[in-house]
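The structure under discussion appears below in the form of structure tokens.
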Amino acid sequence: LGDPFASAVWRDADLETGTDHFFPDRDLWRPYVRPEENLNTGFLYADGRGVRGGPLFCFLADFMEAFAETDWVGLGRDFFDQRA
């Protein structure tokens with residue numbers, strides 16, 4: 001087995017995410033698809049090797065902490081939703 005990220009990410013950004021589109025060049029950000037299919041927050045690749053590694057780590061830590069809460073604006077969280 002090799003490095004799964006060797007061909008899965010472009011490594012041209014500090015933070016990369018997946019999409020649920022089979023043809024992202026054609027379908028990404030188009031109005032005929034559901035907005036939640038554009039970015040898949042179930043997969044995030046963060047490259048903290050650069051100068052921005054510290055702020056990137058803090059962003060991801062804050063993101064995970066915010067979405068680990070049991071409620072959101074007084075409403076119980078549905079942990080199978082795609083609203084993150």
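- Through chains of ILVMFWY side-chain contacts below 4.5 Å, V33 is grouped with Y32.
- The CG atom of L39 sits 8.0 Å away from the NE2 atom of H21 when rounded to the nearest 0.5 Å.
- Residues satisfying the side chain to side chain contact (heavy atoms under 4.5 Å, CB included) test with L15, not counting sequence neighbours, are L44, A46, L56, F59, L60.
- A distance of 11.5 Å separates CG in D20 from CG in D27, rounded to the nearest 0.5 Å.
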